[in-house]
Amino acid sequence: MDTTSGTTAFEDWDGSIAGARALQAALARKVRLEDDFASPPRLIAGFDVGFEDGGETTRAAAVLLDGDSAELRHACVARVPTSMPYVPGLLSFRELPALFAALALLPETPDLVFVDGQGIAHPRRLGIAAHFGVVTGLPCIGVAKKPLVGTADGVLGDERGARVPLRHRGEQIGWLLRSKPICLPLVVSPGHRVSMTTAVEMTMRYVGRYRLPEPTRQADAVASRRPGAAPVV
DNA sequence: GCGACAG
DNA sequence: ATCTTGTCGC
């Protein structure tokens, strides 16, 4: 895949909002929800996006962590001109170009990827994590801080690891996961080549002492330029 | 028609 | 997402 143009994922897109929704519906059919990745993963990755210049520049962070120890192995940042405004439901059209640029900077291909945002927990089942997975072919999991659509199927427990299905139009599209006591639950959903059950289990597997799982937390720190973030190479 | 709405 | 200080408490 050519990750330099920044438009690779949208070759069939006519540029319209209706066209974007149609493309999502078509790509959603290519999402695979069966586990299909090296398990246990040897190398995992985290992706997140931030902005500069009042939004004119999109900054994407990609980090690589050891799949066993969760130790940080690599961190990089890519910058691309922002090409679209934020439209609820069409986030991937705004942020994917930067994510592809960041992916191209990684020295190795991860076995499993965590993206900040929804997987299939989306109106047309193609949140940014699912879109990224289908286009790159990489196993992906979406970890969002709040839901876009869907309602909790039951009452979420207070203890660490408690989870409840997130449903939409009669089907489970993800989970509400209490990764840490007292904190608001995370919204976890499969993106591509990962099952519903494995999506939550892998997420909890990499949750340390913070609300976000390490891959996403590290990428978030780099993308948001927080002090203490991993030095970018 | 009204309200909601990942980042 | 981003703009921003202090403050309360598991």
Side-chain angles (χ1 to χ4, degrees), chain A residues 9 17 20-21 24 27-28 31 46-62 77-102 113-134 140-152 156-162 166-169 173-192 199 203 207-213 215-227 229:
Chain A
I17 296 299
R21 295 198 176 106
Q24 290 184 322
L27 290 177
V31 170
F47 285 79
D48 190 26
V49 166
F51 296 87
E52 304 175 359
D53 311 320
E56 291 176 17
T57 301
T58 301
R59 175 181 54 231
V77 166
R79 290 182 173 72
V80 306
T82 302
S83 56
M84 230 192 87
Y86 166 67
V87 179
L90 299 181
L91 179 69
S92 60
F93 288 80
R94 171 176 166 84
E95 303 189 346
L96 276 189
L99 291 190
F100 293 147
V113 174
F114 289 80
V115 178
D116 187 334
Q118 316 291 350
I120 62 168
H122 176 281
R124 288 166 296 284
R125 308 298 182 259
L126 196 84
I128 188 167
H131 197 157
F132 184 77
V134 167
C140 284
I141 292 175
V143 179
K145 300 175 197 67
K146 34 188 175 182
L148 174 58
V149 292
T151 55
L156 183 65
D158 297 327
E159 74 284 7
R160 171 195 161 97
L166 177 67
R167 22 184 53 253
H168 180 58
R169 294 182 193 168
I173 58 176
W175 306 87
L176 250 39
L177 172 69
R178 182 144 270 148
S179 57
K180 189 184 178 210
I182 303 177
C183 290
L184 288 172
L186 293 177
V187 183
V188 178
S189 62
H192 187 52
T203 299
V207 167
R209 52 179 300 191
Y210 304 95
R211 179 163 89 120
L212 295 176
T216 305
R217 194 179 76 82
Q218 300 282 358
D220 198 82
V222 174
S224 298
R225 324 207 88 182
R226 275 199 278 288

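Chain identifiers are assigned alphabetically (A, B, ...) following the order of the sequence lines, protein sequences preceding nucleic acid strands; residue numbering begins at 1 within each chain.
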Are A/Y86 and the base of C/dA1 stacked, counting only ring centres nearer than 5.5 Å and planes tilted under 30°? no
N-O pairing of A/R79 and A/E52 below 4.0 Å: yes
Quiz item: Side chains of A/T57 and A/D53: donor-acceptor distance under 3.5 Å anywhere?
Solution: yes
Taking B/dA6, C/dT2, B/dG7 as options, the one with an atom nearest any side-chain atom of A/L148 is B/dA6
Whole-Å distance, A/R125 CZ to B/dA6 P, equals 16 Å
Checking all strands, does A/G127 fall into the base, sugar-phosphate, or nothing category for heavy-atom contacts under 4.0 angstrom? base
Categorize A/P147 for me: base, sugar-phosphate, or nothing, with a 4.0 angstrom heavy-atom threshold over every strand shown. sugar-phosphate
From CG of A/L177 across to P of B/dA6 the rounded distance in Å is 19 Å
In whole angstroms, the gap separating C1' of B/dA6 from CG of A/L186 amounts to 13 Å
Taken to the nearest whole Å, CG/A/D220 to P/B/dA6 is 16 Å
Of the listed C/dA1, C/dC10, B/dA6, the closest approach to the A/K145 side chain comes from C/dA1
In whole angstroms, the gap separating C1' of B/dA6 from CZ of A/F51 amounts to 12 Å
Atom CG of A/L184 and atom C1' of C/dC10 are separated, to the nearest Å, by 14 Å
Given the ring of A/Y210, does A/R217 sit roughly above its face, with NZ or CZ under 6.0 Å from the centre of the six-membered ring and within 45° of the axis?
yes
Reckon A/L90 touches a base, only the sugar-phosphate, or nothing at all at heavy-atom distances under 4.0 Å?
base
A/I182 atom CD1 is separated from C/dC10 atom P, nearest whole Å, by 7 Å
| request: Classify the nucleic acid contact of A/G89 as base, sugar-phosphate or nothing, counting any heavy atom under 4.0 Å across all strands shown. | output: base
Result for 5'-nearest mapping on DNA chain C, choosing between A/R59 and A/K180, is A/R59
Are any of the side-chain heavy atoms of A/R211 and A/L184 separated by less than 4.5 Å?
yes
Exactly one candidate in A/F132, A/F100, A/F114 meets ring pair (Phe, Tyr, Trp, His ring centres under 6.0 Å) with A/F47; the answer is A/F132
Rounded to whole Å, the CD1-P distance (A/I128 to C/dA1) equals 12 Å
